[in-house]
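Below is one structure, written out as C-alpha coordinates, with a few remarks after it.
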Amino acid sequence: MRVRVDFDLCQGHGACKSEAPAVFGVDEREHLVIVLQEEPPEAERENVKRAVKYCPTFALKLED
Amino acid sequence: MSGPRAAAPRYPFPATPDGWYGLCLASELARGEVKALSYFGRELVAFRGEDGGCRVFDAHCPHLGAHLGVGGRVEGDGIRCPFHGWRFDGAGCLVEVPRLARTPKGIRAHAHPVQERNGFVHVWVHAQGAPPDYDVKDFLGEPSQWLPWNANTYRVRVHVQDMTENILDRAHFLHVHDMQPPDVERFEVRFEGPYMVVEQLLKVTALSARGVEVLSRTTNCGPGISVAEVHQGDLHMINYITQTPIDDEMTDVRLHFTMKRLGDDAATKAVAELNDRITQQQFRQDVPIWEHRAYLEKPRLTEVDGPVAQYRRWYRQFYSDWQGAAAAGEGR
(Lines give C-alpha, C1' and ligand atoms only; values in the text may rest on other atoms or scores of the structure.)
Protein backbone atom coordinates (compact mmCIF):
# COMPACT_ATOMS: atom_id res chain seq x y z
CA MET A 1 0.00 0.00 0.00
CA ARG A 2 1.39 3.36 -1.07
CA VAL A 3 0.06 6.88 -0.67
CA ARG A 4 0.32 9.37 -3.54
CA VAL A 5 -0.29 13.10 -3.25
CA ASP A 6 -0.96 15.54 -6.05
CA PHE A 7 0.69 18.59 -4.49
CA ASP A 8 -0.63 20.75 -7.28
CA LEU A 9 -4.17 20.15 -6.02
CA CYS A 10 -3.55 19.98 -2.25
CA GLN A 11 -4.67 23.08 -0.37
CA GLY A 12 -3.80 21.89 3.08
CA HIS A 13 -7.34 21.61 4.44
CA GLY A 14 -6.12 18.79 6.67
CA ALA A 15 -9.07 16.43 6.22
CA CYS A 16 -6.60 13.58 5.69
CA LYS A 17 -4.88 14.32 8.98
CA SER A 18 -8.20 14.05 10.80
CA GLU A 19 -8.90 10.66 9.20
CA ALA A 20 -5.43 9.14 9.41
CA PRO A 21 -3.24 11.12 11.83
CA ALA A 22 -0.54 8.46 11.80
CA VAL A 23 -0.10 8.83 8.04
CA PHE A 24 -0.74 12.51 7.31
CA GLY A 25 0.29 15.81 8.81
CA VAL A 26 -0.15 19.39 7.61
CA ASP A 27 2.51 21.99 6.97
CA GLU A 28 0.66 24.98 8.40
CA ARG A 29 2.97 27.52 6.84
CA GLU A 30 2.90 26.11 3.31
CA HIS A 31 -0.70 24.90 3.50
CA LEU A 32 0.32 21.50 2.22
CA VAL A 33 -0.02 17.93 3.38
CA ILE A 34 2.98 16.16 4.88
CA VAL A 35 3.06 12.43 4.28
CA LEU A 36 4.40 10.85 7.45
CA GLN A 37 4.33 7.31 6.09
CA GLU A 38 4.47 6.82 2.35
CA GLU A 39 3.95 3.10 2.75
CA PRO A 40 1.66 2.81 5.75
CA PRO A 41 1.03 -0.54 7.41
CA GLU A 42 -2.04 -2.61 6.50
CA ALA A 43 -3.72 -1.59 9.77
CA GLU A 44 -4.02 1.96 8.43
CA ARG A 45 -5.83 0.92 5.24
CA GLU A 46 -9.34 1.92 6.32
CA ASN A 47 -8.15 5.26 7.68
CA VAL A 48 -6.24 6.03 4.50
CA LYS A 49 -9.23 5.04 2.36
CA ARG A 50 -11.35 7.54 4.28
CA ALA A 51 -8.66 10.20 3.91
CA VAL A 52 -8.71 9.66 0.13
CA LYS A 53 -12.49 9.81 0.05
CA TYR A 54 -12.84 12.94 2.14
CA CYS A 55 -10.01 14.97 0.66
CA PRO A 56 -11.89 18.08 -0.54
CA THR A 57 -9.63 18.58 -3.55
CA PHE A 58 -9.28 14.89 -4.47
CA ALA A 59 -5.51 15.20 -4.14
CA LEU A 60 -4.85 11.77 -2.61
CA LYS A 61 -4.52 8.32 -4.12
CA LEU A 62 -4.04 4.91 -2.61
CA GLU A 63 -2.00 2.46 -4.66
CA ASP A 64 -1.47 -1.20 -3.89
CA MET B 1 -7.26 62.73 3.62
CA SER B 2 -7.54 59.55 1.67
CA GLY B 3 -9.61 59.18 -1.44
CA PRO B 4 -11.97 56.34 -2.11
CA ARG B 5 -10.18 53.02 -2.19
CA ALA B 6 -10.19 51.26 -5.54
CA ALA B 7 -12.22 48.08 -5.34
CA ALA B 8 -10.14 44.91 -5.51
CA PRO B 9 -10.63 43.08 -8.80
CA ARG B 10 -13.26 40.38 -8.53
CA TYR B 11 -11.09 37.69 -10.13
CA PRO B 12 -7.32 37.16 -10.01
CA PHE B 13 -7.19 36.05 -13.67
CA PRO B 14 -7.77 37.91 -16.97
CA ALA B 15 -11.34 38.53 -18.16
CA THR B 16 -10.78 36.80 -21.48
CA PRO B 17 -9.16 33.37 -21.38
CA ASP B 18 -7.50 32.22 -24.64
CA GLY B 19 -9.74 30.24 -26.97
CA TRP B 20 -12.67 30.04 -29.35
CA TYR B 21 -15.79 32.10 -28.65
CA GLY B 22 -19.19 32.20 -30.33
CA LEU B 23 -20.03 35.55 -31.93
CA CYS B 24 -23.36 34.89 -33.63
CA LEU B 25 -25.33 32.34 -35.59
CA ALA B 26 -23.93 31.84 -39.08
CA SER B 27 -27.41 32.71 -40.37
CA GLU B 28 -27.21 36.11 -38.66
CA LEU B 29 -24.43 37.14 -41.01
CA ALA B 30 -25.61 37.01 -44.61
CA ARG B 31 -23.31 37.43 -47.61
CA GLY B 32 -22.28 41.08 -47.79
CA GLU B 33 -23.56 41.86 -44.30
CA VAL B 34 -21.46 43.87 -41.82
CA LYS B 35 -21.86 43.89 -38.02
CA ALA B 36 -20.30 46.08 -35.35
CA LEU B 37 -19.58 44.05 -32.19
CA SER B 38 -18.13 44.74 -28.72
CA TYR B 39 -16.42 41.79 -27.06
CA PHE B 40 -13.24 41.07 -25.09
CA GLY B 41 -13.00 44.74 -24.11
CA ARG B 42 -12.48 45.73 -27.72
CA GLU B 43 -14.45 46.83 -30.76
CA LEU B 44 -14.80 44.36 -33.61
CA VAL B 45 -16.25 44.24 -37.09
CA ALA B 46 -17.63 40.96 -38.47
CA PHE B 47 -18.66 40.58 -42.09
CA ARG B 48 -19.28 37.92 -44.70
CA GLY B 49 -17.44 38.45 -47.95
CA GLU B 50 -18.92 37.93 -51.40
CA ASP B 51 -16.96 34.65 -51.43
CA GLY B 52 -19.12 33.42 -48.50
CA GLY B 53 -16.27 33.50 -45.97
CA CYS B 54 -16.75 35.16 -42.62
CA ARG B 55 -14.11 37.56 -41.23
CA VAL B 56 -13.60 39.30 -37.91
CA PHE B 57 -11.25 42.30 -37.67
CA ASP B 58 -10.45 44.81 -34.97
CA ALA B 59 -12.95 47.50 -35.79
CA HIS B 60 -10.90 50.64 -36.19
CA CYS B 61 -9.27 51.49 -39.49
CA PRO B 62 -5.48 51.89 -39.00
CA HIS B 63 -5.64 55.05 -41.13
CA LEU B 64 -7.64 57.49 -38.97
CA GLY B 65 -9.60 55.20 -36.71
CA ALA B 66 -13.03 55.00 -38.31
CA HIS B 67 -15.16 52.03 -37.25
CA LEU B 68 -15.27 49.62 -40.18
CA GLY B 69 -18.51 48.14 -38.84
CA VAL B 70 -20.37 51.45 -39.00
CA GLY B 71 -20.88 52.23 -42.65
CA GLY B 72 -18.15 49.94 -43.97
CA ARG B 73 -19.07 47.98 -47.12
CA VAL B 74 -18.12 44.48 -48.22
CA GLU B 75 -16.16 44.28 -51.45
CA GLY B 76 -14.94 40.94 -52.74
CA ASP B 77 -13.65 38.98 -49.75
CA GLY B 78 -12.81 42.21 -47.87
CA ILE B 79 -14.20 45.49 -46.65
CA ARG B 80 -13.98 49.18 -47.57
CA CYS B 81 -13.70 51.80 -44.82
CA PRO B 82 -16.55 54.36 -44.70
CA PHE B 83 -14.22 57.29 -43.91
CA HIS B 84 -11.68 57.57 -46.77
CA GLY B 85 -12.48 54.47 -48.76
CA TRP B 86 -9.43 52.43 -47.84
CA ARG B 87 -9.99 48.86 -48.88
CA PHE B 88 -8.76 45.79 -46.97
CA ASP B 89 -8.79 42.23 -48.30
CA GLY B 90 -10.11 39.15 -46.48
CA ALA B 91 -6.82 38.69 -44.62
CA GLY B 92 -6.93 42.32 -43.41
CA CYS B 93 -4.20 43.64 -45.76
CA LEU B 94 -4.63 47.13 -47.15
CA VAL B 95 -5.02 46.72 -50.92
CA GLU B 96 -6.33 50.07 -52.13
CA VAL B 97 -6.20 53.73 -51.18
CA PRO B 98 -8.39 55.84 -53.49
CA ARG B 99 -6.41 58.18 -55.77
CA LEU B 100 -3.10 56.79 -54.53
CA ALA B 101 -1.14 55.05 -57.28
CA ARG B 102 1.04 52.94 -55.02
CA THR B 103 -0.65 51.31 -52.02
CA PRO B 104 1.64 51.44 -48.99
CA LYS B 105 2.80 47.99 -47.96
CA GLY B 106 2.41 46.33 -44.61
CA ILE B 107 -0.67 48.21 -43.41
CA ARG B 108 -3.35 45.93 -42.09
CA ALA B 109 -6.48 45.63 -40.04
CA HIS B 110 -5.93 43.02 -37.35
CA ALA B 111 -7.78 39.88 -38.49
CA HIS B 112 -8.83 37.25 -35.93
CA PRO B 113 -9.05 33.55 -36.88
CA VAL B 114 -12.63 32.47 -37.57
CA GLN B 115 -14.16 29.01 -37.54
CA GLU B 116 -17.72 28.38 -38.70
CA ARG B 117 -19.07 25.17 -37.26
CA ASN B 118 -22.36 23.78 -35.99
CA GLY B 119 -24.11 26.81 -37.50
CA PHE B 120 -22.11 29.37 -35.50
CA VAL B 121 -19.41 31.90 -36.21
CA HIS B 122 -16.58 31.37 -33.73
CA VAL B 123 -13.66 33.72 -33.27
CA TRP B 124 -10.25 32.90 -31.79
CA VAL B 125 -8.77 35.20 -29.16
CA HIS B 126 -5.34 34.79 -27.61
CA ALA B 127 -3.56 37.18 -25.27
CA GLN B 128 -0.17 36.52 -26.90
CA GLY B 129 -1.56 36.45 -30.44
CA ALA B 130 -0.84 32.71 -30.83
CA PRO B 131 -2.76 30.85 -33.57
CA PRO B 132 -5.55 28.35 -32.74
CA ASP B 133 -4.31 25.10 -31.23
CA TYR B 134 -7.61 23.22 -31.06
CA ASP B 135 -10.92 23.01 -32.92
CA VAL B 136 -14.51 23.50 -31.97
CA LYS B 137 -15.95 19.98 -32.28
CA ASP B 138 -18.64 19.08 -34.79
CA PHE B 139 -21.81 18.15 -32.90
CA LEU B 140 -24.41 17.96 -35.66
CA GLY B 141 -23.06 15.74 -38.42
CA GLU B 142 -25.80 16.09 -41.04
CA PRO B 143 -27.37 19.55 -40.33
CA SER B 144 -30.62 18.96 -42.27
CA GLN B 145 -31.89 16.48 -39.64
CA TRP B 146 -31.99 19.15 -36.97
CA LEU B 147 -34.37 21.97 -36.16
CA PRO B 148 -33.00 25.48 -36.77
CA TRP B 149 -31.27 26.87 -33.67
CA ASN B 150 -33.53 28.59 -31.18
CA ALA B 151 -31.57 31.29 -29.32
CA ASN B 152 -32.00 33.16 -26.05
CA THR B 153 -29.52 35.83 -25.07
CA TYR B 154 -28.54 37.03 -21.60
CA ARG B 155 -26.00 39.47 -20.19
CA VAL B 156 -24.61 38.29 -16.89
CA ARG B 157 -22.12 39.85 -14.48
CA VAL B 158 -19.87 36.82 -14.17
CA HIS B 159 -16.55 35.50 -15.43
CA VAL B 160 -16.79 32.66 -17.95
CA GLN B 161 -14.68 30.41 -15.68
CA ASP B 162 -17.15 30.83 -12.81
CA MET B 163 -20.08 30.12 -15.09
CA THR B 164 -18.89 26.80 -16.45
CA GLU B 165 -17.72 25.63 -13.04
CA ASN B 166 -21.43 24.93 -12.46
CA ILE B 167 -21.34 22.06 -14.94
CA LEU B 168 -19.37 19.91 -12.52
CA ASP B 169 -20.72 21.47 -9.34
CA ARG B 170 -22.99 18.54 -8.73
CA ALA B 171 -24.20 19.70 -5.33
CA HIS B 172 -25.85 22.82 -6.77
CA PHE B 173 -28.15 20.88 -9.10
CA LEU B 174 -30.19 19.61 -6.20
CA HIS B 175 -30.26 22.87 -4.32
CA VAL B 176 -30.52 25.62 -6.94
CA HIS B 177 -32.43 23.67 -9.58
CA ASP B 178 -34.59 21.45 -7.35
CA MET B 179 -33.46 18.37 -9.20
CA GLN B 180 -33.83 14.93 -7.69
CA PRO B 181 -30.78 12.73 -7.24
CA PRO B 182 -30.82 9.82 -9.72
CA ASP B 183 -31.42 6.31 -8.36
CA VAL B 184 -28.03 5.21 -9.62
CA GLU B 185 -25.15 7.65 -9.24
CA ARG B 186 -23.25 8.36 -12.39
CA PHE B 187 -21.01 11.36 -12.60
CA GLU B 188 -17.84 11.31 -14.63
CA VAL B 189 -15.55 14.19 -15.50
CA ARG B 190 -12.81 13.82 -18.08
CA PHE B 191 -10.20 16.46 -18.84
CA GLU B 192 -8.89 15.95 -22.37
CA GLY B 193 -6.50 18.71 -23.41
CA PRO B 194 -8.62 21.80 -24.12
CA TYR B 195 -11.84 19.78 -23.77
CA MET B 196 -13.71 18.86 -20.62
CA VAL B 197 -16.41 16.21 -20.81
CA VAL B 198 -18.94 15.67 -18.02
CA GLU B 199 -21.28 12.69 -18.21
CA GLN B 200 -24.01 12.34 -15.67
CA LEU B 201 -27.37 10.81 -15.03
CA LEU B 202 -30.00 13.45 -14.35
CA LYS B 203 -33.50 12.90 -13.12
CA VAL B 204 -35.94 15.11 -14.98
CA THR B 205 -39.22 15.61 -13.16
CA ALA B 206 -40.85 17.98 -15.66
CA LEU B 207 -42.56 15.14 -17.53
CA SER B 208 -43.76 13.04 -14.62
CA ALA B 209 -43.57 13.33 -10.87
CA ARG B 210 -41.71 10.03 -10.66
CA GLY B 211 -39.03 11.47 -12.86
CA VAL B 212 -37.26 10.26 -15.97
CA GLU B 213 -33.54 9.53 -15.88
CA VAL B 214 -31.54 10.79 -18.79
CA LEU B 215 -27.84 10.59 -19.53
CA SER B 216 -26.44 13.99 -20.32
CA ARG B 217 -23.01 14.68 -21.76
CA THR B 218 -21.61 18.19 -21.63
CA THR B 219 -18.53 19.00 -23.68
CA ASN B 220 -16.62 22.20 -23.10
CA CYS B 221 -14.54 23.23 -26.10
CA GLY B 222 -12.19 25.58 -24.29
CA PRO B 223 -13.57 28.48 -22.25
CA GLY B 224 -16.22 29.79 -24.67
CA ILE B 225 -18.40 26.87 -25.72
CA SER B 226 -20.39 24.38 -23.62
CA VAL B 227 -22.48 21.81 -25.40
CA ALA B 228 -24.94 19.64 -23.50
CA GLU B 229 -26.26 16.61 -25.39
CA VAL B 230 -29.05 14.29 -24.40
CA HIS B 231 -29.36 11.20 -26.57
CA GLN B 232 -31.98 8.67 -25.60
CA GLY B 233 -33.69 6.48 -28.18
CA ASP B 234 -35.18 8.72 -30.87
CA LEU B 235 -34.62 11.76 -28.73
CA HIS B 236 -31.45 13.67 -29.56
CA MET B 237 -31.26 17.19 -28.15
CA ILE B 238 -28.47 19.73 -27.94
CA ASN B 239 -28.14 22.82 -25.81
CA TYR B 240 -25.26 24.81 -27.29
CA ILE B 241 -24.16 27.56 -24.95
CA THR B 242 -21.79 30.27 -26.07
CA GLN B 243 -20.35 32.47 -23.32
CA THR B 244 -18.38 35.42 -24.60
CA PRO B 245 -16.76 38.08 -22.38
CA ILE B 246 -17.89 41.60 -23.18
CA ASP B 247 -15.46 43.39 -20.84
CA ASP B 248 -13.95 42.96 -17.37
CA GLU B 249 -17.39 42.58 -15.81
CA MET B 250 -20.04 41.29 -18.17
CA THR B 251 -20.49 38.14 -20.20
CA ASP B 252 -22.79 37.63 -23.14
CA VAL B 253 -24.44 34.23 -22.74
CA ARG B 254 -26.49 32.64 -25.48
CA LEU B 255 -28.47 29.49 -24.98
CA HIS B 256 -29.18 27.71 -28.25
CA PHE B 257 -31.36 24.67 -28.59
CA THR B 258 -31.87 22.17 -31.35
CA MET B 259 -33.10 18.60 -31.65
CA LYS B 260 -33.38 16.00 -34.34
CA ARG B 261 -36.81 16.08 -35.92
CA LEU B 262 -39.07 13.33 -34.59
CA GLY B 263 -41.50 11.57 -36.96
CA ASP B 264 -44.32 13.64 -35.52
CA ASP B 265 -44.05 17.44 -35.92
CA ALA B 266 -46.39 18.18 -33.02
CA ALA B 267 -44.28 16.00 -30.69
CA THR B 268 -41.09 17.71 -31.90
CA LYS B 269 -42.61 21.10 -31.13
CA ALA B 270 -43.83 20.01 -27.70
CA VAL B 271 -40.41 18.64 -26.68
CA ALA B 272 -38.62 21.74 -28.01
CA GLU B 273 -40.91 24.06 -26.08
CA LEU B 274 -40.58 22.05 -22.90
CA ASN B 275 -36.80 22.09 -23.17
CA ASP B 276 -36.80 25.81 -23.81
CA ARG B 277 -38.87 26.41 -20.69
CA ILE B 278 -36.73 24.18 -18.46
CA THR B 279 -33.39 25.48 -19.75
CA GLN B 280 -34.32 29.11 -19.33
CA GLN B 281 -35.82 28.53 -15.90
CA GLN B 282 -32.66 26.73 -14.76
CA PHE B 283 -30.42 29.39 -16.23
CA ARG B 284 -32.30 32.16 -14.46
CA GLN B 285 -31.94 30.28 -11.19
CA ASP B 286 -28.16 30.40 -11.58
CA VAL B 287 -27.92 34.10 -12.46
CA PRO B 288 -28.27 35.73 -9.00
CA ILE B 289 -25.70 33.29 -7.57
CA TRP B 290 -23.22 34.01 -10.36
CA GLU B 291 -23.66 37.76 -10.20
CA HIS B 292 -22.94 37.99 -6.48
CA ARG B 293 -20.59 35.16 -5.61
CA ALA B 294 -16.98 35.83 -4.68
CA TYR B 295 -14.11 33.92 -6.22
CA LEU B 296 -12.39 32.02 -3.42
CA GLU B 297 -8.86 30.80 -4.06
CA LYS B 298 -9.28 28.12 -1.43
CA PRO B 299 -12.90 27.02 -1.45
CA ARG B 300 -13.90 24.83 1.49
CA LEU B 301 -14.91 21.81 -0.57
CA THR B 302 -16.34 18.50 0.58
CA GLU B 303 -16.65 15.08 -0.98
CA VAL B 304 -20.17 15.74 -2.31
CA ASP B 305 -18.84 18.59 -4.45
CA GLY B 306 -17.53 17.94 -7.92
CA PRO B 307 -13.82 18.10 -8.81
CA VAL B 308 -13.63 21.89 -8.56
CA ALA B 309 -9.88 22.02 -7.87
CA GLN B 310 -9.17 19.79 -10.89
CA TYR B 311 -11.42 22.01 -13.02
CA ARG B 312 -9.54 25.12 -11.99
CA ARG B 313 -6.23 23.43 -12.74
CA TRP B 314 -7.51 22.42 -16.19
CA TYR B 315 -8.62 26.01 -16.77
CA ARG B 316 -5.15 27.47 -16.17
CA GLN B 317 -4.09 26.40 -19.69
CA PHE B 318 -6.29 29.21 -21.08
CA TYR B 319 -4.39 31.99 -19.29
CA SER B 320 -1.20 32.61 -21.26
CA ASP B 321 -1.31 36.16 -19.90
CA TRP B 322 -1.57 35.39 -16.19
CA GLN B 323 1.50 35.04 -13.99
CA GLY B 324 -0.65 33.37 -11.36
CA ALA B 325 -1.35 30.42 -13.66
CA ALA B 326 2.33 29.63 -13.88
CA ALA B 327 2.97 30.29 -10.18
CA ALA B 328 0.09 28.05 -9.09
CA GLY B 329 1.42 25.15 -11.12
CA GLU B 330 5.08 25.18 -10.13
CA GLY B 331 7.21 24.27 -7.19
CA ARG B 332 4.65 22.13 -5.42
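Within every chain, numbering begins at 1; the chains are lettered A, B, ... in the order of the sequence lines, protein sequences first and strands thereafter. It should be emphasised that the depicted structure is a prediction, and the values quoted were computed from it without experimental measurement.
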- Sub-3.5 Å donor-acceptor pair from the side chain of B:Gln310 to the main-chain atoms of A:Leu9, do we have one? no

- Interatomic distance, OH@A:Tyr54 vs OG1@B:Thr302, rounded to 0.5 Å, equals 10.0 Å

- Query: Should we count CZ of B:Arg293 as having more than 12 external heavy atoms under 6.0 Å?
  - Reply: yes

- Query: What do you reckon, is CG of B:Asp135 surrounded by more than 12 foreign heavy atoms closer than 6.0 Å?
  - Reply: yes

- Item | Validation row: B:Lys298, A:His31 side chains within 4.5 angstrom (heavy atoms) | yes

- Do you know which two heavy atoms are closest between A:Asp6 and B:Arg313, and how far apart they sit? OD2-NH1, 2.9 Å

- Item | A:Arg29 atom CZ, over 12 foreign heavy atoms within 6.0 Å | no

- Heavy atoms from other residues, nucleotides or ligands near NZ of B:Lys203 exceed 12 (cutoff 6.0 Å): yes

- Query: Does NE2 belonging to B:His231 count more than 12 external heavy atoms closer than 6.0 Å?
  - Reply: yes

- Is B:Glu303 close to A:Cys55 at the side-chain level, that is, under 4.5 Å between some pair of heavy atoms? no

- Interface moiety of B:Arg300 toward chain A, non-hydrogen atoms closer than 4.5 Å: both

